[in-house]
Amino acid sequence: MAAELTAHQLIAQHRPTLDQALEAIRTRAYWSPHPEHPKAYGENGSLDAAAGKAAFDTLLGSRLDLGQPGTDDWVGGETSPYGIELGVTYPHADVDTLLPAMRAGQRAWRDAGAEMRAVVCLEILKRISDRTHEFAHAVMHTSGQAFMMAFQAGGPHAQDRGLEAVAYAYVEQVRTPDNAEWTKPQGKRDPLALTKRFTPVPRGVALVIGCNTFPTWNGYPGLFASLATGNAVLVKPHPRAVLPLALTVQVAREVLAEAGFDPNLVALATERAGEGIAKTLATRPEIRIIDYTGSTGFGDWLEANARQAQVYTEKAGVNTVLVESTDNYKGMLSNLAFSLSLYSGQMCTTPQNLLIPRDGIRTEEGPRSYDEVVADLARSVGGLLGDDARANGLLGAIVNPDVKARLEAAAGLGEVALASREIANPEFPDAVVRTPVIVKLDGAKPDDQAAFMNECFGPVSFAVAVDSAADAVALLRRTISSKGAMTVGAYTTSEEVEEAVQEACLEECAQLSLNLTGGVYVNQTAAFSDFHGSGGNPAANAALCDGAFVANRFRVVEVRREA
């Protein structure tokens, strides 16, 4: 296809946004070019709510032909957690044909330079943003997120994370100048003079292995970090959450072609039922970068076996909140209740273990015993989710049967402080909706430790009684060190306890939120400002997003000659 988007057009349109993103990651201040409110869409080519829903409905039962080489079959089978059969089929690739085709376009993409790659990526993100309403339904009906969460987390927040990765990639690539004149004095002799050219060179084909719960939010950082640094990207979605990433690949291929590049720089790899192609792809010699979000078991396997690739993993952790004292007891309870309930706890950042001294805590309303704190938290969760309509909007749907099984089994691990209840969703009668369970455990008992020292992904929280604040900090430290944590929270009015918690998190490399009682929650992070994960504990070997996340996706190759 002849180029329809010139470099001048793309740079004129998107360079200001790139510059704002560069400033945002420098200052860490709030900024986003992607509106969070659904009513902000519907002008300048973007789809409004009705058009977005209509576009999604049109996809149901359709064949999504991406025009990829090597297509040898059509596969599908996604069922929405809300009970809808999506019926979309996707190209199944003969990778022996697809991978060479993907590599063919890398030379021109490499030679385009960091700025051109960045603005092409921003054009992709702009077109995805224009279709946010459509993408929101795709995320909702593959992840089980409630619509507003799917709209925000699957739309603008995911787009922010993609743009953030592009900004970091650009910074690292332009750190070294394109050209340099080098002159070394030689005393009375003529100086030595060289001209040097430095070129960021991509590693090769990158593989993005998508997750079921946050296909775009977790998929976009790796996808755009690799693409912006010159690599071709093969996207392998989770088989239950193909549609959002397939649409992403479709948009990327369209933009690349219009900008004069090979659309095969981005391609989709779907699988037949039970095929399990991730291991096969991950160990192919052409795959030089892997981004993965999911279970610890497969993440560890990738790190051990995909030795030809640079592997970035976000795995499982045991997120912990230490509750020692507070000067806003109701605010603390409200904040924790929301954090435990959001998306039925199906977030890698949801708190699991609440460490509470068995002698109780200090509050501005007077002391509260361990039992009182747990009972009050249970009432706060119950009050938050007491109205079924509000509960459906907050909880979404249980994403798969494994989460439901863990939820049901958790009630047998200890004394239940808050029982899970089933909620009907009138719009989607087949949706599985459950409120969280809170189970009381004793931090000193080995059997209880065996339960709370492992991740129980889903709407399950353990109120763990500990002997003292010092014991809580020691347990927190041990948990992060051995199991990892994506998030840590703490509530304390004691400078000594705050210092101890902070030091534990600094030494064990975990992101800490202190005394959150308002509208910011421990399980939410903001692009351009917050780091998601640290890359320094077992929960993840990378952070979203920092220089380390992008810098090793390319190498700088030097060509020097005498001046």
Subject >> Short side-chain to backbone donor-acceptor contact, Ser344 and Leu395, under 3.5 Å >> reply: yes

Original post:
Under 3.5 Å, side chain of Gln346 to main-chain N/O of Ala397, donor-acceptor pair present?
Top reply: yes

Original post:
Short question: side chain of Asn454, backbone of Ala450 - any donor-acceptor pair under 3.5 Å?
Top reply: yes

**OP:** Report yes if the distance between the aromatic ring centroids of Phe462 and Phe452 is under 6.0 Å, otherwise no.
**Re:** no

Original post:
Will you find, in the side chains of Thr350 and Tyr343, an N or O donor that is under 3.5 Å from an N or O acceptor?
Top reply: no

Subject >> Flag for Ser494-Glu324: side-chain donor and acceptor within less than 3.5 Å >> reply: no

**OP:** Determine, using ring centers only, whether His141 and Phe428 are less than 6.0 Å apart.
**Re:** yes

Original post:
Are Tyr292 and Tyr312 close enough that their ring centers fall under 6.0 Å?
Top reply: no

Subject >> Any donor-acceptor N/O pair, Ser482 side chain to Arg478 backbone, under 3.5 Å >> reply: yes

Subject >> Basic-acidic side-chain contact under 4.0 Å: Arg28, Asp530 >> reply: no

**OP:** Evaluate the criterion side chain to side chain contact (heavy atoms under 4.5 Å, CB included) for residue pair Ile480 and Val488; output intermediate values, then yes/no.
**Re:** CA-CA 9 Å; Ile480 302 170; Val488 174; 3.9 Å; yes

**OP:** Of all the heavy-atom pairs spanning Pro237 and Ala241, show the shortest one and how long it is.
**Re:** CB-O, 3.7 Å

Subject >> Residue pair Asn319 / Gln352, side-chain donor-acceptor N/O under 3.5 Å >> reply: no

Original post:
Under 3.5 Å, is there a donor-acceptor pair between the side chain of Asn335 and the main chain of Val520?
Top reply: yes

Subject >> Ion pair check, Glu455 and Arg406, cut-off under 4.0 Å >> reply: no

**OP:** Verify whether one side chain among Arg161 and Asn218 offers a donor that lies under 3.5 Å from an acceptor in the other.
**Re:** no

Original post:
Can you name the closest pair of heavy atoms from Leu22 and Ala167 and give their distance?
Top reply: CD2-O, 3.5 Å

Subject >> Asp388/Arg421 ion pair, N-O < 4.0 Å >> reply: yes

**OP:** Using only heavy-atom distances, determine whether the side chains of Ser325 and Thr493 contain a donor-acceptor pair under 3.5 Å.
**Re:** yes

**OP:** Classify the side-chain pair Gln511/His532 by whether it contains a donor and acceptor separated by less than 3.5 Å.
**Re:** no

Original post:
Which pair of non-hydrogen atoms, one from Cys545 and one from Val550, has the smallest distance, and what is that distance?
Top reply: SG-CG1, 4.4 Å

Original post:
How close do His238 and Cys211 get, heavy atom to heavy atom, and via which atoms?
Top reply: CB-C, 3.7 Å

Original post:
When you check the side-chain N and O atoms of Asn231 and Thr229, is any donor under 3.5 Å from an acceptor?
Top reply: yes

Subject >> Six-ring centre of Phe549, Arg553 cation under 6.0 angstrom, axis tolerance 45° >> reply: yes

**OP:** Before giving the answer on side chain to side chain donor-acceptor pair (under 3.5 Å), spell out for Tyr220 and Thr248 the whole-Å C-alpha distance, their side-chain angles and the decisive distance to 0.1 Å.
**Re:** CA-CA 9 Å; Tyr220 284 5; Thr248 301; 2.7 Å; yes

Original post:
Hey, would you say the Phe151 and His137 ring centroids sit under 6.0 Å apart?
Top reply: no

Original post:
Without hydrogens or angle criteria, can the side chains of Gln159 and Thr132 be said to hold a donor-acceptor pair below 3.5 Å?
Top reply: yes

Original post:
Under 4.0 Å between a Lys/Arg side-chain N and an Asp/Glu carboxylate O for Asp442 and Arg358?
Top reply: yes

**OP:** Carefully, step by step, assess Leu385 and Leu394 under the rule side chain to side chain contact (heavy atoms under 4.5 Å, CB included).
**Re:** CA-CA 8 Å; Leu385 304 176; Leu394 189 60; 3.7 Å; yes

Original post:
Do Tyr491 and Asn328 get their side chains close enough for a donor-acceptor pair, meaning under 3.5 Å?
Top reply: no

